[in-house]
Amino acid sequence: MLNDTTPPASVTNLTETNVGTQWICWNWTDPDDTDFSHVMVYLNSEFVTNTSQSFHNATGLTEGTTYTLSTRTVDINGTINSTWVNDSATTATPADTTPPASVTNLRENGTGTQWIKWEWTDPDDTDFSHVMIYIDSVFIANTTHNFYNRTGLDHGTAYYIGIRTVDDSGNINSTWVNDSATTTLPADTTPPASVTDLRENGTGTQWIKWEWTDPDDTDFSHVMIYIDSVFLTNTTHNFYNLTGLNQGTAYDIGIRTVDDSNNINSTWVNDSATTATPADTTPPASVTNLRENGTGTQWIKWEWTDPDDTDFSHVMIYIDSVFVTNTTHNFYNHTGLNHGTTYDIGIRTVDDSGNINSTWVNDSGTTTSPADTTPPASVTDLRENGTGTQWIKWEWTDPDDTDFSHVMIYIDSVFVTNTTHNFYNRTDLDHGTAYDIGIRTVDDSGNINSTWVNDSATTTSPADTTPPASVTNLRETGTGTQWIKWEWTDPDDEDFSHVMVYLNSVFITNTSQSFYNATGLTEGTTYTISIRTVDTNGNIGPSSMSDLAITAMLPEITSFSGTNITKTSITLIWEASGNTNRVQITRNGAAIANVSGPSSYIDSGLSSGTTYTYTLIPYNEDGLAGNSVSDSFTTISSSSGGGGSSRSSSGGGGGAASVEDFSNLALKEIDSKYLRMNANVVYEFTAENNPIRSISLYSLKNSGEITSTIEVLNSRSKLVDTTPEKLIYKYINIWVGKAGFATTSNIRNAVIKFKVSTSWIRQMDVSPENIRLLRYNGTSWEVLPTYVESNDTEYITFRSQTPGFSPFAITAEKAIASPVTDEKAVITPVTGDTDIVQTEQNTGNADDEQIQTESSNTVWIFFLAILLIGVYAVGSEYIKKEDN
């Protein structure tokens, strides 16, 4: 009977249900398929675990980081759904509850009839994010700029702005900073007269030049150009040259005049013209002798010699590869540049027919740097803004010079620091002592103002030296494997400010909350928290309160093995850590029991001569799961003589004897490596007839010398009871370590690299994309994700990730041709492999005598069916007698 190859449906409703700084919990809804077994869980494309539960809690993550969980469903036959179901979530970051300081120096910087522009100075907080803008007490926008231009206003009207600052954590400063300003009254609302005498003055295959007479209005500013009713540009010229057009095509120009007050004449002046049909397709020669003729701090002038072509029209100017303008002059002056900067000019010539020379003529020039020797103005309004027993804070107003850079601070005539702030807070002073500050301004060019601005201030005398009382009722209120939460009661002192938190005698943080959650800890470890209180004057309590707590320990399973193996039962035994509440047991991925008491379990009702893979997962009383352990065991075959057991995994440090018949063993190759904790290991194989090139994995433990064994087989392994319904290239057994070693508690990220002969691929008429590595998981063949790694003339190398080691098959899947009337089966022998049955379409030519008639095929199929039923009935009866 054929295995069920229909995979189960995908999970639904995959979503994160809770997140922490180091963990994310996802939930989903399992499919309703009756044969649904479990889901395969991947985190950021890396396989994590198989689970029959409808949730997964990923722990040990990095705070503020996005992770993607992917799932694929598996049924009890091991058939895997190829569809991925994904969801992404981001771990939390610690909450910041302190808002930033307010903006300063809020003022309007300009007004118009319908607009007001305000400016201000942002606070220096490192986590400052943006400001919230309110106009007349109504929220308008958020902005990261230090200015805001409000438009669309009524003229001659007062408007009030209010600003509150916000940091990266969304904390909003409750203090408003306000200012008011009034829009100006409109002046001129009369538009200028229209242009006159609009006409085309010349046409080419790709251009039309129009000219007109501007109006005489004294406030006339420019005209608006529309081509085919679409706005194109504004110009102050009395002509417009439209380029890049289609030859022999009519174009309509529309012009409206605009004055200095932006009043637009509603009357259109229009004209139509048609581009010429091309005759000349030869572009003009290039310009010569291109060079810069002069430079300034903000300009470069280039000159050149135009070509002698009689139809030469103009040149196209590009600056730093960006088109700038067309010109008929033999020079170009580029202005508005940055001083001390290099600019590249590129020139292409154009003739009267619009032919553009494809050859570039290039040159570069550099603007000069201006010499600045004028220092900035002095600061004003220098004053102390606050004093304490050990500090004085001074403030001042910076000068308005555009190149103002910073100020130099001197205390008692000794230079202390440079600062770009308009304040300075001097600390570590003696109480009740006078200090003199001196300030000199500096600009961007390093010019220092020789004028001093000075002020004097005196620190206060200390008043309160009494520290607050200690906290009380310090205790842990919750623990996890990587976190402990402590709570306490703050003292009643009126000037109590915050507590200082120490963990294992190391200072961690200050907090004004009455709890602290320590994260990123080690499981099963004792931690001591110590707390000292601090008041608003900085007085620290002389003694600290302490408390001990231990992080939770994940349960662990050791010494897992199988014993008392019969034809129909396997006894599982193990040792569990003292904090284990229950052990979940799965067989071939399906949950079969939860054991809470003894450390053993008898699995009965099994089939003889069959390999079963068991996975044990320990849980503590809080439901936290420890690391799973897995191993495979084989029931006694009906044909064997008695006791003992057979394992579906093999190998070991010394290369254990093969379970295969000698006649089926084509080649055996081994490699040994020393496995260290948290290290990548690569086993390499070089035998010519060995298709396996390497096995790479990540070692989780110090396991010592571990051997990997490759067995290349002549036909299917005796550990397998089904044949893949694909083209077979090679059967191979792959083992790493002794039985039970290659589990998720010892290794992960196992990758197999293998090669396939290009001649076999051509002979089988298959594509490299259809090559797959199959793994027998104890009950069925599972298809592993397979990718092309490299290729040469003889072999194509592939790589595939595997969840374990067992019998494998390298296969190919050939595309099935469209059905036709006649088909014939051809047996194509492949050296060293099982014969492969392929289907050929009958061409009706040379091989007609080999074609069996449909009626003959039907008779043979019926006969074979009767024979198989008889063999099955006799075999079943024999097995029953053996079991009894």
Side-chain angles (χ1 to χ4, degrees), residues 16-20 22-28 30 37-41 43 48-61 69 475-486 517-527 548-564 569-604 612-633 700-701 740 743-746 748:
E16 70 275 11
T17 57
N18 209 345
V19 296
Q22 294 182 309
W23 57 271
I24 304 173
C25 183
W26 278 276
N27 280 55
W28 60 81
D30 289 328
S37 167
H38 63 279
V39 296
M40 301 170 68
V41 178
L43 194 63
V48 177
T49 188
N50 292 322
T51 181
S52 58
Q53 298 173 317
S54 59
F55 69 89
H56 178 72
N57 190 20
T59 60
L61 308 182
L69 185 89
R475 75 254 179 229
E476 72 272 11
T477 57
T479 58
T481 57
Q482 294 182 306
W483 60 272
I484 303 173
K485 182 177 181 181
W486 279 278
N517 192 16
T519 60
L521 307 181
T522 303
E523 68 177 66
T525 302
T526 300
Y527 291 88
L548 297 176
I550 303 175
T551 52
M553 174 71 80
L554 290 177
E556 182 180 13
I557 289 180
T558 56
S559 304
F560 172 42
S561 61
T563 186
N564 296 332
S569 68
I570 298 173
T571 300
L572 307 177
I573 60 175
W574 64 88
E575 293 181 7
S577 57
N579 61 334
T580 302
N581 178 261
R582 64 182 175 90
V583 175
Q584 183 189 69
I585 302 175
T586 63
R587 180 206 313 129
N588 295 339
I592 60 174
N594 280 287
V595 179
S596 299
S599 295
S600 64
Y601 177 76
I602 300 175
D603 190 17
S604 57
Y612 296 91
T613 299
Y614 295 91
T615 299
L616 277 60
I617 305 175
Y619 292 85
N620 64 14
E621 62 182 6
D622 296 323
L624 291 175
N627 291 326
S628 63
V629 296
S630 300
D631 207 344
S632 299
F633 310 99
L700 300 175
K701 295 180 179 179
T743 64
T744 55
S745 61
N746 293 326
R748 70 181 183 192

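The first residue in the sequence is number 1, and the count goes up from there. Here the structure is a predicted model, which is why all the values come from computation and not from measurement.
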Are there more than 12 heavy atoms of other residues, nucleotides or ligands under 6.0 Å from atom CG of N627? no
Suppose we screen for side-chain contact (heavy atoms from CB on, under 4.5 Å). Which residues come up paired with A576, at least two apart in sequence or across chains? W574, T580
The salt bridge (charged side-chain N to carboxylate O under 4.0 Å, His left out) partners of K485 (sequence neighbours excluded) come to E487
Side-chain heavy atoms of I585 within contact of L616, under 4.5 Å: yes
Just wondering, do S628 and T744 contact through their side chains at under 4.5 Å, heavy atoms? yes
Taking every heavy atom of F633 against every heavy atom of S561, the minimum-distance pair comes out as CZ-C, 3.7 Å
One should read off an interatomic distance between Y614 OH and N588 CG, to the nearest 0.5 angstrom, of 7.5 Å
Looking only at non-hydrogen atoms, find the nearest pair between L548 and E476 and report the distance. O-OE1, 3.4 Å
Let me confirm one number: the CG-OG1 distance from N517 to T479, rounded to the nearest 0.5 Å. 10.5 Å
Residue of the set T519, T525, L521 for which side-chain contact (heavy atoms from CB on, under 4.5 Å) holds with I484: L521
Can you tell me how far apart CH2 (W28) and OG1 (T51) are? Round to the nearest 0.5 Å. 6.0 Å
Does the side-chain contact (heavy atoms from CB on, under 4.5 Å) test come out yes or no for T481 and T551, once each step is laid out? CA-CA 5 Å; T481 57; T551 52; 5.9 Å; no
Measure from the side-chain N and O atoms of E16 to the backbone N and O of I24, and report whether any donor-acceptor pair falls under 3.5 Å. no
Please list all pairs meeting salt bridge (Lys or Arg N to Asp or Glu O under 4.0 Å) that have one or both residues in residues 585-595, counting only residues at least two apart or in different chains. R587-D603
For S745, which residues count as a side chain to side chain donor-acceptor pair (under 3.5 Å) partner, sequence neighbours excluded? T743
Under the salt bridge (Lys or Arg N to Asp or Glu O under 4.0 Å) definition, can you give me all pairs with a residue in residues 571-582, not counting sequence neighbours? none
G524 and M553 have their tightest heavy-atom pair at CA-CE, 3.7 Å
How many angstroms lie between atom OG1 of T59 and atom CG of L554, to the nearest 0.5 angstrom? 7.5 Å
Return yes if some donor-acceptor pair links the side-chain N/O of S37 with the main-chain N/O of G589 below 3.5 Å, else return no. yes
Side-chain contact, heavy-atom cut-off 4.5 Å: W486 with Y527? yes
Contact summary for P555 and N620, nearest pair of heavy atoms: CG-N, 3.6 Å
After noting the C-alpha distance and the side-chain angles of L69 and V41, does the key distance pass the side-chain contact (heavy atoms from CB on, under 4.5 Å) rule? CA-CA 7 Å; L69 185 89; V41 178; 3.4 Å; yes
Nearest-0.5 Å distance, CD1 of residue I617 to OG1 of residue T586: 6.0 Å
Pairs meeting criterion salt bridge (Lys or Arg N to Asp or Glu O under 4.0 Å) with involvement of residues 548-560, two or more places apart: none
Heavy atoms of Y619 and A625 approach each other most closely as CE2-CB, 3.4 Å
As an exercise, state the distance from CG of L572 to OH of Y601, rounded to the nearest 0.5 Å. 8.5 Å
Is it true that, when you exclude I592 itself, more than 12 heavy atoms of the residues, nucleotides or ligands shown sit nearer than 6.0 Å to its CD1? yes
